[in-house]
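Note sheet for the following structure.
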Amino acid sequence: MKVGILAVQGAVREHAAALTELGAATLEVRTPDDLGAVDALVLPGGESTTISFLLGSSGLFDPVAARLTGGMPAFGTCAGMILLAAEVLDGRPDQRSFGAIDLAVRRNAFGRQVDSFEADLAVEGLDGPFRGVFIRAPVVERAGPAVEVLARIDGAPALCRQGAVLTAAFHPELSGDLRLHRLFLEGV
Ligand code: GLN
């Protein structure tokens, strides 16, 4: 089993380190051929408008969409969550998303003055709190009936799952806690 990390832009290395520490084989995915070699895909944080653009120019958008439709497990964090969502609010008009999880997300919605913050999250199925690192984070404004909400921040869904797709509004790769990557790998 090989886990791909979408590596066109964003926090790629930290995800690779977390997955490697858990014993998973990883591959940085930059081309459709790379995608063909992986069984699951992490979509990292970064800038969703840029990642969306680079997915188009690298020829990856349609193959990733097809794999997601085919049930490929995916873990999207922050910008990665935006890319997996059904609906993007305050996006750029040309920004695309995969609609792999029935969420409406609003970009940069925790307020402009507080760009980033940390908060302890109670995650369903985990024993202690998980330290969530939020960086210009999106807010989930709607989660459809098929979505399981595993954690919340200020009442809004922060960690969500629909089938094989897991999304976090925060950066689990930055808190030195491997439990959410383990949760993802258990589903792969
Ligand atoms: N604000 C970014 C976006 O809209 C997401 C920030 C992040 O991934 N840390 O894509």
Side-chain angles (χ1 to χ4, degrees), residues 1-85 88 91-92 94-101 103 105 107 116 130-138 158-188:
M1 185 192 81
K2 194 168 274 189
V3 180
I5 302 145
L6 181 65
V8 294
Q9 193 256 345
V12 175
R13 237 179 311 170
E14 296 83 353
H15 277 294
L19 293 165
T20 303
E21 208 169 319
L22 289 169
T26 63
L27 181 71
E28 295 190 1
V29 170
R30 294 190 184 82
T31 66
D33 276 354
D34 296 337
L35 181 70
V38 301
D39 306 292
L41 189 66
V42 173
L43 294 87
E47 181 50 58
S48 60
T49 54
T50 305
I51 297 175
S52 168
F53 173 78
L54 292 170
L55 279 167
S57 60
S58 62
L60 270 170
F61 192 93
D62 291 340
V64 170
R67 289 291 302 274
L68 289 168
T69 303
M72 173 179 68
F75 186 15
T77 61
C78 204
M81 175 179 86
I82 296 171
L83 286 156
L84 289 170
V88 179
R92 260 179 44 171
D94 59 348
Q95 170 166 15
R96 299 172 76 195
S97 70
F98 292 112
I101 183 165
L103 301 178
V105 303
R107 294 179 59 229
S116 58
F130 191 97
R131 191 78 179 158
V133 179
F134 293 79
I135 303 171
R136 292 178 61 76
L159 182 69
C160 295
R161 184 165 59 194
Q162 182 178 334
V165 175
L166 183 66
T167 61
F170 52 98
H171 282 260
E173 78 284 8
L174 294 183
S175 49
D177 184 335
L178 299 174
R179 289 177 294 166
L180 295 186
H181 288 84
R182 188 176 295 124
L183 178 73
F184 171 58
L185 289 177
E186 280 164 9
V188 175

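Note that the coordinates shown come from a computational prediction; the quantities given were computed from them, not determined experimentally. Positions are given from 1 along the sequence.
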Shortest non-hydrogen separation from Ala169 to Ala137 and the atoms involved: O-CB, 3.5 Å

Nearest-0.5 Å distance that lies between atom CG in Leu43 and atom CG in Leu68: 7.0 Å

Close side-chain approach of Ile5 and Leu19, heavy atoms under 4.5 Å: yes

Pairwise side-chain contact, Met81 with Pro138, heavy-atom cut-off 4.5 Å (strictly under): yes

Least distance between heavy atoms, Phe75 atom then Leu84 atom: C-CD1, 4.3 Å

Short side-chain to backbone donor-acceptor contact, Thr77 and Gly45, under 3.5 Å: yes

Rounded distance [0.5 Å steps], NE2 in His181 versus OG1 in Thr20: 10.0 Å

Passing candidate, side chain to side chain contact (heavy atoms under 4.5 Å, CB included) with Leu174, options Arg131, Glu14, His15: Glu14

Heavy-atom side-chain contact between Phe130 and Leu159 under 4.5 Å: no

Val165 and Phe98, any side-chain heavy atoms less than 4.5 Å apart: no

Minimum heavy-atom distance between Cys78 and Arg136, given as atom pair plus value: SG-O, 4.4 Å

Pairwise distance CD(Glu21) to CG(Leu178) - rounded to 0.5 angstrom: 5.0 Å

Nearest-0.5 Å distance that lies between atom CD1 in Ile82 and atom CZ in Arg107: 6.0 Å

Heavy-atom donor-acceptor pair, Arg67 side chain to Val38 backbone, under 3.5 Å: yes

Which atom of Pro172 lies closest to which atom of Ala168, heavy atoms considered: CD-CB, 4.2 Å

Stepwise side chain to side chain contact (heavy atoms under 4.5 Å, CB included) test for Val29 and Val64: CA-CA 10 Å; Val29 170; Val64 170; 5.9 Å; no

CZ-OG distance between Phe170 and Ser116, expressed to the nearest 0.5 angstrom: 15.0 Å

Spatial distance of atom CG (Leu103) from atom SG (Cys160) [nearest 0.5 Å]: 5.0 Å

Lys NZ or Arg CZ of Arg96 over Phe61 ring: under 6.0 Å, within 45°: yes

Gln9 side-chain N/O to Glu47 backbone N/O, donor-acceptor pair under 3.5 Å: yes

Sole residue of Leu54, Leu6, Thr31 in side chain to side chain contact (heavy atoms under 4.5 Å, CB included) with Leu60: Leu6

Minimum-distance pair of heavy atoms, taken over all atoms of Gly46 and Ala79: N-CB, 3.5 Å

Check: Thr26 side chain, Ala16 main-chain N or O, donor-acceptor pair, under 3.5 Å: no

Nearest heavy-atom neighbours spanning Ser97 and Ala85: OG-O, 2.8 Å

